[in-house]
Visitor: 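Here you go, one structure.
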Number of protein chains: 2
Amino acid sequence: MDLFSRELNGLLADTFRSILKIEEQAVRNSEQSDLSINELHLLEAVAKDKEKGKTISDIALDMNITLSSVTVAINKLARKGYVEKIKSENDGRRVFVKLTRLGHKVNAGHQYFHENMVRNVAAGMTEEEKEILVRGITKLNEFFKKRLEARNKK
Amino acid sequence: MDLFSRELNGLLADTFRSILKIEEQAVRNSEQSDLSINELHLLEAVAKDKEKGKTISDIALDMNITLSSVTVAINKLARKGYVEKIKSENDGRRVFVKLTRLGHKVNAGHQYFHENMVRNVAAGMTEEEKEILVRGITKLNEFFKKRLEARNKK
DNA sequence: ACTGATTAGTTAGTTTGTCAAACTATTTTC
DNA sequence: GAAAATAGTTTGACAAACTAACTAATCAGT
């Protein structure tokens with residue numbers, strides 16, 4: 001294994017662990033302390049479709065978790081007042097999830113944190129370097145997504 | 001927010017999630033299916049010091065989790081036969097953790113998986129690109145590590 | 001138009017990983 | 001040699017995810 005491999009190997013685990021930890025703490029020390037990072041990421045996923053809202057299945061797909069996990073998590077967020085569930089009129093089985101006003105506010109705050117983090121990382125990198133970093137992580141992502149799909153089809 | 005920021009932002013969360021998922025499944029479908037990815041990563045951390053073994057504190061620091069979490073997790077791994085705990089002779093408070101033969105075997109297998117993944121990502125990247133990718137992620141890592149330390153000092 | 005299959009989501013119960021708080025045991029320090 | 005610091009443990013709680021068994025709505029084929 002060459003230097004690149006060894007480095008990337010260790011780095012990934014370490015970096016991602018740190019990111020989650022920091023986000024967790026950032027959240028805990030914020031005003032909206034009744035939310036975990038996980039729940040914030042759920043809000044983030046819900047926010048991706050502002051008009052119609054996202055269905056439970058959409059969210060599950062997006063986050064790569066099971067339907068039941070989403071149901072439970074969304075119910076909790078609904079109870080806390082961050083999202084609302086709206087039954088589809090055309091198809092009685094489907095449920096659309098939308099952010100409430102409070103949900104939007106909190107999500108915006110978290111996005112700001114993210115932007116800040118990325119700005120910090122980007123500082124001192126050339127356009128080319130940034131591009132390569134994104135490409136590299138994209139490759140990582142594709143590699144894993146492909147594997148995930150393959151597994152799920154089984 | 002520019003393109004870079006938006007992309008990196010979404011990518012990180014997504015990639016990380018996928019990696020853990022894939023590893024989880026890889027583990028479950030392997031022979032040693034009584035281990036979670038988390039437990040494997042713990043083995044990985046323990047493996048970093050082959051001679052003396054790592055103390056509970058070392059591991060906690062390395063993984064950014066609390067002492068109590070490590071105690072519980074290591075005890076479980078010890079029960080399953082992947083590590084052993086050895087009391088220090090010079091300092092009766094300290095406990096060294098070492099991989100058993102089985103632990104080594106399983107860890108080696110997991111490392112192989114990691115190497116494979118990295119090789120896949122590296123394929124088609126020039127030396128320069130690889131270097132930049134590592135530098136980029138290193139920067140990310142440093143950014144978060146710094147924040148973590150700052151928080152812990154409070 | 002029925003009926004069986006599929007799809008969307010829910011409920012219940014379990015597992016895993018983490019934490020905080022209170023504790024024991026062993027050095028260290030003064 | 002008493003007080004403080006360090007290393008680790010125990011306990012009880014909680015979050016997030018899973019699987020399995022379920023309900024309800026829609027679709028498809030005859």
Side-chain angles (χ1 to χ4, degrees), chain A residues 13 16-18 20-21 23-25 27-29 33-43 45 53-80 83 85-97 148 151-152, chain B residues 13 16-18 20-25 27-29 33-43 45 52-80 83 85-97 148 151-152:
Chain A
F16 289 129
R17 212 168 256 286
S18 302
L20 286 188
K21 269 274 148 55
E23 289 206 59
E24 178 100 50
Q25 292 181 323
V27 172
R28 242 198 294 243
N29 294 14
S33 50
D34 66 333
L35 284 175
S36 66
I37 356 113
N38 250 298
E39 289 180 310
L40 271 179
H41 287 157
L42 214 64
L43 291 187
K54 283 198 142 202
T55 66
I56 304 290
S57 301
D58 290 341
I59 299 168
L61 203 69
D62 195 285
M63 304 197 64
N64 262 312
I65 57 177
T66 61
L67 283 182
S68 58
S69 300
V70 176
T71 296
V72 172
I74 288 294
N75 283 344
K76 205 167 159 194
L77 283 174
R79 223 181 307 124
K80 293 187 196 170
V83 301
K85 296 169 85 174
I86 299 153
K87 275 227 166 177
S88 166
E89 286 176 13
N90 341 351
D91 186 339
R93 294 167 301 181
R94 312 221 289 160
V95 177
F96 288 103
V97 182
L148 262 183
R151 294 271 174 192
N152 288 338
Chain B
F16 186 37
R17 218 166 251 287
S18 301
L20 287 187
K21 272 272 152 55
I22 258 296
E23 289 205 58
E24 178 99 52
Q25 291 181 325
V27 173
R28 242 199 293 245
N29 294 15
S33 51
D34 66 333
L35 284 174
S36 66
I37 356 111
N38 245 296
E39 288 180 310
L40 269 180
H41 288 157
L42 214 64
L43 291 187
K52 320 150 227 167
K54 284 199 139 200
T55 65
I56 303 290
S57 302
D58 290 340
I59 300 169
L61 204 69
D62 195 286
M63 303 198 63
N64 262 311
I65 56 177
T66 61
L67 283 182
S68 58
S69 299
V70 175
T71 296
V72 173
I74 288 295
N75 283 343
K76 205 166 159 194
L77 283 174
R79 223 181 307 126
K80 293 188 196 170
V83 301
K85 296 168 86 174
I86 299 153
K87 274 227 165 178
S88 166
E89 285 176 12
N90 343 349
D91 186 338
R93 293 167 302 180
R94 312 222 290 161
V95 177
F96 288 103
V97 182
L148 261 183
R151 295 271 174 192
N152 289 338

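Chain naming here is simple, since letters A, B, ... match the order of the sequence lines and numbering starts at 1 in each.
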Visitor: In whole Å, what is the span from the CG atom of L77(B) to the P atom of dT9(D)?
Guide: 13 Å
Visitor: Could you check how far CG of D91(B) sits from C1' of dA25(C), rounded to whole Å?
Guide: 11 Å
Visitor: N38(B) side chain N/O closer than 4.0 Å to the phosphate oxygens (OP1, OP2) of dT18(C)?
Guide: yes
Visitor: Assign each of A73(A) and F96(B) to its nearest nucleotide of DNA chain D by heavy atoms, then name whichever residue's nucleotide is nearer the 5' end.
Guide: F96(B)
Visitor: Distance alone, cut at 3.5 Å: any donor-acceptor contact between the side chains of D58(A) and T55(A)?
Guide: yes
Visitor: Using a 4.0 Å heavy-atom cut-off, does D58(A) contact any base of the nucleic acid, only the sugar-phosphate backbone, or nothing at all?
Guide: nothing
Visitor: Please state how far atom CG in N75(B) lies from atom P in dT10(D), giving the value in whole angstrom units.
Guide: 6 Å
Visitor: Using the closest heavy atom to pick a nucleotide of DNA chain D for each, name whichever of S69(A) or V72(B) lands nearer the 5' end.
Guide: V72(B)
Visitor: Which one, dG8(D), dT10(C), dG17(C), comes nearest to the side chain of L67(A)?
Guide: dT10(C)
Visitor: Taking K80(B) for the side chain and D34(B) for the main chain, is one N or O donor matched with an acceptor at less than 3.5 Å?
Guide: yes
Visitor: Verify the distance criterion only: is there a donor paired with an acceptor across the side chains of S69(A) and T66(A) at less than 3.5 Å?
Guide: yes
Visitor: A side-chain contact here means heavy atoms from C-beta on lying under 4.5 Å apart; do S88(B) and V95(B) qualify?
Guide: no
Visitor: Rounded to the nearest angstrom, tell me the gap between atom NZ in K76(A) and atom P in dA16(D).
Guide: 5 Å
Visitor: Base, sugar-phosphate, or nothing: which does S57(A) touch, judged by heavy atoms less than 4.0 Å apart?
Guide: sugar-phosphate
Visitor: Does OP1 or OP2 of dT10(C) have a side-chain N or O of K85(A) closer than 4.0 Å?
Guide: yes
Visitor: When the distance from CZ of R93(B) to C1' of dC23(C) is rounded to whole Å, what number comes out?
Guide: 16 Å
Visitor: Within the modelled atom types, does a donor on one side and an acceptor on the other bring the side chain of S36(B) and the base of dT15(C) under 3.5 Å apart?
Guide: no
Visitor: Counting heavy atoms from C-beta on, name the nucleotide in dT26(C), dA20(C), dA8(C) closest to the side chain of T66(B).
Guide: dA20(C)
Visitor: Could you check how far CD1 of I86(B) sits from P of dA7(D), rounded to whole Å?
Guide: 19 Å
